[in-house]
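Notes to accompany the following structure.
Every value quoted in this text rests on a predicted model; they were computed, and no experiment measured them. Counting convention: from 1, in listed order, for ligands and their atoms alike. For reference, positions follow the sequence shown, starting with 1.
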Amino acid sequence: SKGTYPHFMLKEIDEQPSVMRRISQEYFSSKGEVEVDENIVNSILDSDRIYIVAAGTSYHAGLVGQKIIEKLAGIPVEVHVASEFGYYPPILSRKPFFIFLSQSGETADSRQVLSEVNKKGHPSLTITNVDRSTLSREATYTMLLHAGPEISVASTKAYTAQIAVQAVLAKALSEKSNYESGKQFDLQTQLALVANGMQEIVDEKQLLDDMSRRILTDADNAFYIGRGIDYNVALEAALKLKEISYIHTEGFAAGELKHGTIALIEEGTPVIGFITDKLSAGHTRSNLQEVLSRGAEVFTISMKRVANENDGIILPDVDTLLTPLLSVIPAQLIAYYTSLNRGHDVDQPRNLAKSVTVE
Ligand code: F6R
């Protein structure tokens, strides 16, 4: 039930700090050791490449998971859209391992790929919110998201849970393989920081309602931009906004705008920039400057260590690899308020179903 909430989406956004704490409890022992089924860890370490297959928001979580697994565990990862992989697969490595990311565990596009993977005898893991779902039953292994039921069509807490569980997996792989950068990564502490940071952001939701009324409620087009992991979040932020507000929104690699898309910037076009990483902060800021000088309404979501005082919202610091867990929250709230302020059905957007069981 929604309890005192007007919509499931808002409830599910607000639940994210407790989902992070639950994942930490489920996957760490009282001694602080990461706990993942050893068969999963051994099977992945026995492979030479991970293929993540997913759709929509889960695909976007996979893009972040790729960066986390490659950095913490040193294993090469490819991420694929299930509906493409199904009929146009890439050349596989010699010993592939498949990860299916799916909140529902029922997505037909992903099921089609898994059935091919099973025919070829490759090992697989489904990371899902629904125990005994089809993808969970048909894969070799399962890891659960522990996010609690997600009712709103727009996925929120499943995205952050998928990222956190992929980090847990990466941590377990690094412990077993003695991979230094993962061994030194204090995931338990980071997840605690993330949970507190998420709480700070959801407590500031009024700010995002105000911003939405100021620059989005009457907009026809909008852009989210970022570099690296911020680009991955920009794709998810854009999907969230377009699917429930019906504003045509695109996520772009900040550096790509000037290669064509900047032609779409007009007086008042909203451009929202993510800036969480020192490495690219300067460049993304110049890209925002370029659109500002062409009349864009710019709003910046930045992390404290790289923030300027007039940024739109400043997120508390967490490790670079986990910044999506915080930076996506303002984007979820922006989508929620924009949909609400435009008078749409937040939890049941037009033309969409919670799980897509046709190819
Ligand atoms: C967007 C959204 C969809 C799902 C996609 C995959 O908010 O919810 O893009 O992420 O249909 O669904 P699952 O994760 O159930 O396989």
| task | Would you check if the side chain of Gln188 reaches a backbone N or O of Ser24 as a donor-acceptor pair within less than 3.5 Å? | result | no

| request: Taking Gln162 for its side chain and Ala61 for its backbone only, find out whether a donor-acceptor pair lies under 3.5 Å. | output: no

| task | Select all protein residues for which some heavy-atom-to-ligand 1 distance is less than 4.0 Å, and list them by chain and number. | result | Ala55, Gly56, Thr57, Ser58, Ser102, Gln103, Ser104, Thr107, Val153, Ala154, Ser155, Lys240, Glu243

| query | Tyr246 ring centre to Arg342 NZ or CZ under 6.0 Å, with the angle to the axis within 45°? | reply | no

| Tell me the salt bridge (Lys or Arg N to Asp or Glu O under 4.0 Å) pairs involving residues 331-341, sequence neighbours left out? | none

| What distance do Ile75 atom CD1 and Ser174 atom OG have between them, rounded to the nearest 0.5 Å? | 9.0 Å

| query | side chain to side chain contact (heavy atoms under 4.5 Å, CB included) with Asp203: which of Lys205, Glu200, Gln199? | reply | Gln199

